[in-house]
Amino acid sequence: MIQTMTKPPMWDSLSSILKMEFERKPMLDDISLVIPTLGRPILEQCLYWILMGSTWPACLIVVEQGLNPDVAAWLERVQRIGIPVEHIRSTQRGRSAGINRGLEQTYTRFAAITDDDCFVEEGWLSNMAAKLQEYPQAVITGRVDAAGEEMVVVVTSPTPSIQDRRRLKFDTMSGGNMGASHDIFRKVGLFDEDPVMATAEDAEWAYRALRTGISIRYEPNVALAHFGWRDGGERVEQYCAYALSHGGFYGKYLRRGDFFMLARATGHFGRALRRWVRGTVTGDAELAMLGKAYCLNLLPGIHAGMRSKMRPGSLK
């Protein structure tokens, strides 16, 4: 069962959330948790939900790419409560770089990844760790519900599934809700830090894992909520960034002679055109906005990707 999340005390007073008393939870010695962040205030809420989990990670690794002085205080409080913390300050930008710098510091058999705008369910880490132990040769991903009032991309299927080959549409992995063994990260490599696909790093990594022969298991009980915080104008910019990055992803593989990507890109453009038309005809502004962004930006992204020679790094 997926639990309904309740607001933490003093939800609107962010400086008060981590001043609560928290019950100490069992520690999972074989899993670390990596969170990349710019240091936005929402990180404190993310940390609250981790502390409220039924179990805690062996180490919480937070890679901060911002300059918010509150982050150090929040993480110091988390460590005093009982979770070992590694606070990595980075001058780099980009989610891929943040995840990679965190993965490079993991020492446990498994690592889980989430984002600072994701709020984990009480049993999220326990369920993630159990599935990783049961299927150590697979990538585990899970359910993503919506939190907040703005539209966010969610994955809410109640049915477990296994993907072991590439698809013409999207692969099943949710990058803000995933975990894998250190051996898998070493085999597949780190996330691609190429700026031409800045917001498609999860899609590219999942595709690379499948090409390597690693399956992706979707487990609905490995559940969290993704908080929607962008307004309409910000979502337009984000959709354009998604389109450029997906195009960059496709272009990079086309450059390498992977013509499966030609079929995937063609299908993606066709779906975007249908969404633009359908949204315009039906008055669904959000759907039209999404379709238009992809129609106008997918091809320029492919062009940029085909010009890029950058490759992802490896994990030692």
Side-chain angles (χ1 to χ4, degrees), residues 1-8 11 14 17-18 22 25-26 28 31-38 40-63 74 78 83 95 98-99 102-103 110-135 138-161 170-180 191 199 201-203 205-206 216-230 238:
M1 291 291 293
I2 303 299
Q3 300 175 350
T4 300
M5 305 183 81
T6 58
K7 291 183 179 181
W11 181 272
L14 298 179
I17 292 177
L18 296 184
F22 291 88
K25 307 297 175 57
L28 300 178
I31 187 167
S32 300
L33 176 55
V34 176
I35 303 176
T37 184
L38 291 173
R40 298 177 297 169
I42 200 170
L43 173 65
E44 190 181 9
Q45 297 178 35
C46 170
L47 297 173
Y48 167 88
W49 291 112
I50 292 167
L51 287 165
M52 291 294 289
S54 59
T55 56
W56 289 345
C59 186
L60 173 63
I61 304 172
V62 176
V63 182
W74 297 336
V78 170
I83 300 180
R95 183 173 179 272
I99 294 172
L103 289 174
F110 303 110
I113 299 169
T114 192
D115 292 323
D116 63 4
D117 56 2
C118 291
F119 307 150
V120 301
E121 295 282 357
E122 181 180 353
W124 175 76
L125 191 64
S126 295
N127 294 336
M128 173 72 81
K131 291 300 178 183
L132 287 169
Q133 290 164 357
E134 186 176 0
Y135 305 105
V139 176
I140 304 298
T141 190
R143 178 168 174 161
V144 180
D145 291 320
E149 299 177 357
E150 303 300 337
M151 194 196 87
V152 293
V153 177
V154 295
V155 183
T156 59
S157 171
T159 307
S161 64
F170 300 109
D171 301 314
T172 57
M173 194 185 82
S174 299
N177 185 5
M178 66 164 291
F191 287 77
T199 63
E201 73 287 340
D202 301 333
W205 193 91
I216 299 173
R217 300 186 66 96
Y218 169 79
E219 301 288 349
N221 286 332
V222 180
L224 52 72
H226 178 203
F227 187 80
W229 51 271
R230 293 183 175 89
Q238 189 70 358

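In this chain, residues are counted from 1 in sequence order. These values consider heavy atoms only, across backbone and side chains, with no hydrogens, waters or symmetry-generated copies.
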Asks: Distance from Leu33 atom CG to Ile113 atom CD1, nearest 0.5 Å?
Replies: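 Those atoms lie 9.0 Å apart.
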Asks: What residues, two or more places apart in sequence or in another chain, satisfy salt bridge (Lys or Arg N to Asp or Glu O under 4.0 Å) together with Arg95?
Replies: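 For Arg95, the residues satisfying salt bridge (Lys or Arg N to Asp or Glu O under 4.0 Å) (neighbours in sequence not counted) are Asp115, Glu201, Asp202.
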Asks: What pair of heavy atoms forms the shortest contact from Cys118 to Gly176, and how long is it?
Replies: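 For Cys118 and Gly176, the tightest heavy-atom pair comes out as SG-O, 4.2 Å.
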Asks: Do the ring planes of Trp205 and Phe191 sit parallel (below 30°), tilted (30 to 60°) or perpendicular (above 60°)?
Replies: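 Parallel: the ring planes of Trp205 and Phe191 meet at under 30°.
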Asks: Output the distance between atom OG1 (Thr114) and atom CH2 (Trp124), rounded to the nearest 0.5 Å.
Replies: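 With rounding to 0.5 Å, OG1 (Thr114) is 5.0 Å from CH2 (Trp124).
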Asks: Sub-3.5 Å donor-acceptor pair from the side chain of Ser174 to the main-chain atoms of Thr141, do we have one?
Replies: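 Absent.
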Asks: Any side-chain heavy atom of Arg143 within less than 4.5 Å of one from Asn221?
Replies: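 No, too far: nothing below the 4.5 Å cut-off.
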Asks: Going from CD1 on Ile83 to CZ on Phe22, what distance comes out if it is rounded to the nearest 0.5 angstrom?
Replies: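 Rounded to the nearest 0.5 Å, the CD1-CZ separation comes to 9.0 Å.
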Asks: Between the side chain of Trp56 and the main-chain N/O of Leu51, is any donor-acceptor distance below 3.5 Å?
Replies: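 Confirmed, Trp56 side chain pairs with Leu51 backbone.
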Asks: Measuring from atom CZ of Phe119 to atom SG of Cys46, what distance do you get when rounded to the nearest 0.5 angstrom?
Replies: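 Rounded to the nearest 0.5 Å, the CZ-SG separation comes out at 7.5 Å.
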Asks: Once salt bridge (Lys or Arg N to Asp or Glu O under 4.0 Å) is applied, do any residues pair with Lys25, and if so which ones, sequence neighbours excluded?
Replies: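 Result, salt bridge (Lys or Arg N to Asp or Glu O under 4.0 Å) vs Lys25: none returned.
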Asks: Report the distance from atom CD of Gln45 to atom CH2 of Trp74, rounding to the nearest 0.5 Å.
Replies: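 The distance works out to 9.0 Å.
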Asks: Closest approach of Leu38 and Asp116, non-hydrogen atoms and distance?
Replies: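 Looks like N-OD2, 3.9 Å.
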Asks: Could you report the tightest heavy-atom contact between Ala206 and Asp171, atom names first, then the distance?
Replies: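 Scanning both residues, the minimum pair turns out to be CB-CB, 4.4 Å.
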Asks: Rounded to the nearest 0.5 Å, what separation is found between the CD1 atom of Ile31 and the CG atom of Leu125?
Replies: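 So the CD1 of Ile31 and the CG of Leu125 are separated by 5.0 Å.
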Asks: Which pair of heavy atoms, one from Gly179 and one from Met128, lies closest together, and at what distance?
Replies: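 Of all heavy-atom pairs spanning Gly179 and Met128, the closest is N-CE, 3.7 Å.
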Asks: Testing the basics here: between Pro158 and Pro220, what is the closest heavy-atom pair and its distance to 0.1 Å?
Replies: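 It is O-CG, 3.4 Å.
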Asks: Taking the side chain from Asp145 and the backbone from Ala223, do they hold a donor-acceptor pair closer than 3.5 Å?
Replies: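 Checked: no pair found.
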Asks: Could you walk me through whether Val155 and Asn177 pass the side chain to side chain contact (heavy atoms under 4.5 Å, CB included) test, one step at a time?
Replies: CA-CA 10 Å; Val155 183; Asn177 185 5; over 6 Å; no
Asks: Can you name the ring-ring contact (aromatic ring centres under 6.0 Å, His included) partners of Phe170, sequence neighbours left out?
Replies: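 Applying ring-ring contact (aromatic ring centres under 6.0 Å, His included) to Phe170 gives His246, His268.
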Asks: Could you walk me through whether Arg40 and Asp117 pass side chain to side chain contact (heavy atoms under 4.5 Å, CB included), step by step?
Replies: CA-CA 9 Å; Arg40 298 177 297 169; Asp117 56 2; 3.8 Å; yes
Asks: How far apart are the closest heavy atoms of Val63 and Gly102, and which atoms are they?
Replies: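 Heavy-atom minimum between the residues: CG2-N, 3.6 Å.
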Asks: Using side-chain heavy atoms (C-beta onward) and a distance below 4.5 Å, is Leu60 in contact with Leu47?
Replies: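 Sidechains of Leu47 and Leu60: in contact.
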Asks: Please check: side-chain N/O of Thr55 versus main-chain N/O of Pro26, any donor-acceptor pairing under 3.5 Å?
Replies: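 Looks like no, no N/O pair under 3.5 Å.
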